[in-house]
2 protein chains.
Amino acid sequence: MALDGGELGRSAYVGARVSPQRAAIARAADAMTSAFSVDDLLEAVRRQVPGVGAATVYRAVSAMEASGFVESLGVREGSAIYARCHSGEHHHHLVCTGCGAVSDAECPVAPERYTASDGFRVTGHSLVLYGQCAKCQSAPSSISPHGRGGGI
Amino acid sequence: MALDGGELGRSAYVGARVSPQRAAIARAADAMTSAFSVDDLLEAVRRQVPGVGAATVYRAVSAMEASGFVESLGVREGSAIYARCHSGEHHHHLVCTGCGAVSDAECPVAPERYTASDGFRVTGHSLVLYGQCAKCQSAPSSISPHGRGGGI
DNA sequence: TACAAAGTGAGAGTGATTCTCACTTGATGC
DNA sequence: GCATCAAGTGAGAATCACTCTCACTTTGTA
Ligand SMILES: [Mn+2]
Ligand SMILES: [Mn+2]
Ligand SMILES: [Zn+2]
Ligand SMILES: [Zn+2]
């Protein structure tokens, strides 16, 4: 929320062109408060700019991922899911299994800790933390009442 | 390698029936030294028991995953990949990006470390470590010479 | 303003995974 | 051993997320 329309597009698609469609897609991704699939994003974008093609959103998501604007969180029910990533620093994500809410988390991985084991050299890793957000903990029922309700 | 044929099948399919096909599939999975796709496994199984159906292997892999006999490591080139998991304790995996070799790794995640942040309660997590195994580090070329060569 | 590279959208294509269905078979109790 | 039946099997169809192709637009730059 520190970036206006132009800046946002620029940071979402580093080194690539920013069409009106891509700008809208970046805005929609930026507005997502929880984990989303490409289809979720397509739906949100079309609410603002009808007629945007699905392929365009797939391509834009790849570009945004390459720019670090969004990050892949793996697969949920057959579809890849993503989260808008606000920090440039290396970090990970907490994902609420109730409502899909995402928040940042520090990285607990010390690569050098593993190097010893059997000569393996760790160069990267993938970590996602799952649990319940504050709201979903206080909601007693199985279906979370807040947000759009899309669990993980 | 501490289990004979029968024991192996039993531990691979806890609470489910063990057909000859499933036994062969568990043996093939047990023989995998690196990360494998369902198709890799199907190919290996058919070398021992021709005629095994693809659906059967998909079903067996799901059952083995439910029993903790194999673990999903995510997706590589559009296919889910798995590793045979020998330890019953909670742990993670080091995967060689050169040859696919997998080894066990301690868990560095302390859930309580995150609980504070914003009321989020961490109940689970998914971590995979990537890097180069000792053999692949010493191999200068881009194509690793050892193993079946299937990188990640 | 002119241009070349990059992006767009529709629709076809791909391929991993799942489903269906008629059979077969494993585990259990008698 | 034998009946029983839920569970597993295999072939093929179906699904469906994602990618590709292609004929246009457009963007960013000189
Ligand atoms: Mn983030
Ligand atoms: Mn393991
Ligand atoms: Zn929640
Ligand atoms: Zn290796």
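These values consider heavy atoms only, across backbone and side chains, with no hydrogens, waters or symmetry-generated copies. Chain letters run A, B, ... following the sequence lines, proteins first and then strands; every chain starts at 1.
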Rounding to an integer number of Å, can you tell me how far [X] [atom1] sits from [N] [atom2]?
X	N	atom1	atom2	result
E65(A)	dC18(D)	CD	P	11 Å
M64(B)	dG8(D)	CE	C1'	14 Å
I81(B)	dA16(C)	CD1	C1'	14 Å
Y13(A)	dT27(D)	OH	P	14 Å
R17(A)	dT25(D)	CZ	C1'	11 Å
L41(A)	dA17(D)	CG	C1'	15 Å
I25(A)	dG7(C)	CD1	P	12 Å
E77(B)	dT14(C)	CD	P	18 Å

At less than 4.0 Å, is any side-chain N or O atom of [X] found next to OP1 or OP2 of [N]? Yes or no.
X	N	answer
Y58(B)	dT17(C)	yes
Q21(A)	dG9(C)	yes
R22(B)	dG8(D)	yes
S19(B)	dG26(C)	no

Starting the side chain at C-beta, find the nucleotide from [options] nearest to [X].
X	options	result
V52(A)	dA6(C), dT8(C), dG9(C)	dG9(C)
A55(B)	dG12(D), dG26(C), dG11(C)	dG12(D)
R59(B)	dA27(C), dT20(C), dC18(D)	dT20(C)
S79(B)	dG10(D), dA16(C), dT25(C)	dA16(C)
P20(A)	dT27(D), dG26(C), dG7(C)	dT27(D)

What's [X] touching, base or sugar-phosphate or nothing? Going by heavy atoms closer than 4.0 Å.
X	answer
A60(A)	nothing
A54(A)	nothing
A16(B)	sugar-phosphate

- Item | Working for side chain to side chain donor-acceptor pair (under 3.5 Å), residues H93(A) and D104(A) | CA-CA 5 Å; H93(A) 294 101; D104(A) 287 353; 3.3 Å; yes
- Nearest 0.5 Å, what's the NE2-SG distance between H91(B) and C85(B)?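 The NE2 atom of H91(B) sits 3.0 Å away from the SG atom of C85(B).
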- Crowding at CZ, R121(A) (>12 non-hydrogen neighbours, <6.0 Å): no
- May I ask you to decide if E106(B)'s main-chain N or O and Y114(A)'s side chain share a donor-acceptor pair within less than 3.5 Å?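 Yes, because the side chain of Y114(A) sits within donor-acceptor range (under 3.5 Å) of the backbone of E106(B).
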- Message: If the test is side chain to side chain contact (heavy atoms under 4.5 Å, CB included), which one of L8(A), V14(A), V61(A) qualifies with F69(A)?
- Response: L8(A)
